[in-house]
Amino acid sequence: MSSRRVLQSLQPQVLIWARQRAQISPDFLAKKMKIKIERILNWEQTGEISMAQIDKLAQITRTPIGYLFLSHPPKEKIPIQDFRTLTKDIPKYPSPDLTDTIQLMLRRQDWMREELIEAGVEPLTFVGSCQDMTSIEEVVHSMRRAFSLDEEWAFDQKDWESAFQCIRQKAEKVGIFIVINGVVGNNAYRKLNRKEFQGFALVDQFAPFVFINGADFKTAQMFTLAHELAHIFQGSSGLSQLNNTIHNHHTEQICDAIAAEFLIPKKNLISHWDHLMDFGKNIQNLSHRFKVSEFALARQALHSKLIHKDEYHDFYKSHIHVSHRIPKASGGHFWYTQLNRVGRKFGTAIGRAVLSNRMTYLEAYDLTGLYGKTFQKFINHLDFKI
């Protein structure tokens, strides 16, 4: 009998952990392994599994094979602070997709930091500059000043997409790297879970990074971007999930308040609120005016004392199950997607390094997820000068 058919005696809780960590059900795992679900359930009760099945399990769940032989599930830690308020929607264990995404962004940041320091670039003074400020308005004023935006900047934008790109371009211009991606790297088969996280910020004096989960609703991404930018100005790296609940972390509460005031200044909201108009109509009209989601607008209206708590809760309950429309981004073609996934600012830095022989093509492929002719076409599409 082949040694691969001899049953190994592993710990059932470790096998369960591997499956749950990958965020897949026993039924889905059985289909992927092309076996009956009873086999899966038997492993998770007895721990008896063949070596061939261990190999397949490790591959499908993206688990290092050595982990499956441990006596207890390993305690994996997210490499940055986890600011998420745990709810039933957030998976029990961080998925390989999440941890691999963070690790990729950390590698990009490490390379970018060294590149900028070697080029003699000065550290960014706004990073962490607002951590001692006690006034939300003071922080927002600092952000607007850094981005050269006034209080009514959103009113001049044509639509949500234009407003989002306005903030993104302003942030990149002052030195913040923005990445928007709904998959791991450039792997379309590894889609990110919007319920697991919406974004994260990696604070650095030279190369601060903001990552937005592109699998999330488009209107939600606007608030996530503002929230993560608040993290940069507050000087606090961390993982966020903005699920319309009250956060346990003080840092998240502060960043929520900063993002809300940045996008929907209370003074402006109050002045544009029509007290003769129906509450729902106000929310609908002003969400379009401020280029934010109706949830964000309603929440700021509550904090501005324009509506009562019971009105907000009724609104939340009536809208939580309504399908969100996800408008297509303008220019939604392959290169536009790559500019989001890699970032124009980071992609340009990589392109210059390769063409100046300061980076090998293999290193560039690893950091961008683009290979061969596709990478070269991407660099050409950026249209920059060395």
Side-chain angles (χ1 to χ4, degrees), residues 1-107 109-110 183-185 187 189-200 202 211 213 215 237-241 243 247-249 252 366:
M1 181 181 292
S2 171
S3 61
R4 294 179 67 82
R5 294 182 181 178
V6 175
L7 294 180
Q8 304 289 323
S9 184
L10 306 184
Q11 294 300 319
Q13 65 267 33
V14 175
L15 299 178
I16 295 172
W17 164 82
R19 177 178 57 75
Q20 291 181 340
R21 172 177 174 268
Q23 299 177 17
I24 57 180
S25 66
D27 182 62
F28 181 83
L29 180 59
K31 289 179 180 178
K32 292 289 288 185
M33 297 188 71
K34 298 180 181 180
I35 59 177
K36 293 182 178 180
I37 189 173
E38 287 76 16
R39 298 275 296 278
I40 305 293
L41 299 177
N42 183 63
W43 299 344
E44 296 185 355
Q45 289 179 349
T46 67
E48 294 186 348
I49 179 173
S50 71
M51 196 63 214
Q53 291 165 339
I54 291 173
D55 288 342
K56 288 183 179 179
L57 178 64
Q59 181 181 1
I60 293 170
T61 62
R62 303 187 185 278
T63 304
I65 197 166
Y67 282 14
L68 297 176
F69 290 86
L70 295 175
S71 57
H72 299 283
K75 292 183 178 179
E76 287 187 299
K77 288 187 177 181
I78 295 173
I80 57 177
Q81 188 165 355
D82 189 354
F83 288 120
R84 297 174 301 170
T85 298
L86 294 180
T87 66
K88 63 180 181 180
D89 289 330
I90 294 180
K92 185 177 181 181
Y93 305 107
S95 71
D97 294 339
L98 170 58
T99 54
D100 287 353
T101 295
I102 295 175
Q103 291 293 354
L104 173 58
M105 291 305 109
L106 286 170
R107 294 207 315 274
Q109 185 180 61
D110 287 343
V183 300
V184 180
N187 189 339
Y189 296 100
R190 298 184 63 185
K191 295 183 179 180
L192 299 177
N193 180 2
R194 69 176 182 82
K195 292 184 178 180
E196 184 174 22
F197 79 106
Q198 288 177 286
F200 58 82
L202 301 177
F211 184 92
N213 188 342
S237 298
L239 181 69
S240 304
Q241 175 64 359
N243 49 18
H247 293 292
N248 293 334
H249 295 280
E252 287 297 87
D366 178 59

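Note that the numbering runs from 1 along the sequence shown for the chain.
- More than 12 heavy atoms of other residues, nucleotides or ligands lie within 6.0 Å of OH in Tyr93, so this atom counts as buried by the packing criterion.
- Expressed to the nearest 0.5 Å, how far CG of Leu98 lies from CZ of Phe211 amounts to 9.0 Å.
- Of all heavy-atom pairs spanning Pro12 and Thr46, the tightest one is CG-C, 3.9 Å.
- With sequence neighbours excluded, no residue satisfies side-chain hydrogen bond (donor to acceptor under 3.5 Å, both in side chains) with Thr101.
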- Message: Apply side chain to side chain donor-acceptor pair (under 3.5 Å) to residues Ser237 and Gln81 and explain how you reach the verdict.
- Response: CA-CA 7 Å; Ser237 298; Gln81 188 165 355; over 6 Å; no

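- Residues satisfying the side-chain hydrogen bond (donor to acceptor under 3.5 Å, both in side chains) test with Asp110, not counting sequence neighbours, are Arg113.
- The shortest side-chain heavy-atom distance between Arg84 and Ile78 falls under the 4.5 Å cut-off.
- Put simply, the side chain of Met33 reaches to within 4.5 Å of the side chain of Leu29, judged on heavy atoms.
- Every residue two or more places apart in sequence or in another chain that forms a side-chain contact (heavy atoms from CB on, under 4.5 Å) with Lys195 is listed here: Asp89, Asn193.
- Under the salt bridge (charged side-chain N to carboxylate O under 4.0 Å, His left out) criterion, Lys32 pairs with no residue at all, not counting sequence neighbours.
- Between Ile80 and Leu239, the closest heavy-atom pair is CD1-N, 3.9 Å.
- Scored by the side-chain contact (heavy atoms from CB on, under 4.5 Å) test, Gln45 finds no partners at all (sequence neighbours excluded).
- The NZ atom of Lys56 sits 8.0 Å away from the NZ atom of Lys34 when rounded to the nearest 0.5 Å.
- Partners of Asp366 according to the side-chain hydrogen bond (donor to acceptor under 3.5 Å, both in side chains) rule, which considers only residues two or more places apart in sequence or in another chain, are Arg107.
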- Task: Could you give me the CA-CA distance, side-chain angles and deciding distance for Ile60 and Ile24, then say whether side-chain contact (heavy atoms from CB on, under 4.5 Å) is met?
- Result: CA-CA 10 Å; Ile60 293 170; Ile24 57 180; 4.3 Å; yes

- Message: Evaluate Asp97 against Gln23 for side-chain contact (heavy atoms from CB on, under 4.5 Å), listing each step before the verdict.
- Response: CA-CA 10 Å; Asp97 294 339; Gln23 299 177 17; over 6 Å; no

- Could you walk me through whether Glu252 and Ser240 pass the side-chain contact (heavy atoms from CB on, under 4.5 Å) test, one step at a time? CA-CA 8 Å; Glu252 287 297 87; Ser240 304; 3.2 Å; yes

- Item | Full working for side-chain contact (heavy atoms from CB on, under 4.5 Å) between Gln11 and Leu70 | CA-CA 7 Å; Gln11 294 300 319; Leu70 295 175; over 6 Å; no

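- Atom CG of Asp100 is separated from atom CE of Met105 by 11.0 Å, given to the nearest 0.5 angstrom.
- Considering only residues two or more places apart in sequence or on other chains, Glu76 meets the side-chain hydrogen bond (donor to acceptor under 3.5 Å, both in side chains) condition with Arg21.
- Within the structure, salt bridge (charged side-chain N to carboxylate O under 4.0 Å, His left out) pairs that include any residue of residues 44-53 comprise Arg19-Glu44 (at least two apart or interchain).
- With Thr99 contributing its side chain and Ser95 its backbone, the two residues share a donor-acceptor pair below 3.5 Å.
- Scanning all heavy atoms of the two residues, the minimum distance from Arg194 to Asn213 falls at CA-ND2, 3.5 Å.
- In terms of heavy atoms, Ile102 sits closest to Phe200 at CG1-CE2, 3.8 Å.
- Pairs passing the side-chain hydrogen bond (donor to acceptor under 3.5 Å, both in side chains) check and including a residue from residues 64-73, sequence neighbours excluded, do not occur.
- Residues Val184 and Leu192 approach most closely at CG2-CD2, 3.8 Å, considering heavy atoms.
- Using a distance-only test at 3.5 Å, with no hydrogens or angles considered, no donor-acceptor pair links the side chain of Gln20 to the main chain of Lys92.
- Closest approach of Pro96 to Ala22, counting heavy atoms only: CD-CA, 4.2 Å.
- Residues forming a side-chain contact (heavy atoms from CB on, under 4.5 Å) with Leu41 (at least two apart in sequence, or on another chain): Pro26, Ile37.
- Residues satisfying the salt bridge (charged side-chain N to carboxylate O under 4.0 Å, His left out) test with Arg62, not counting sequence neighbours, are none.
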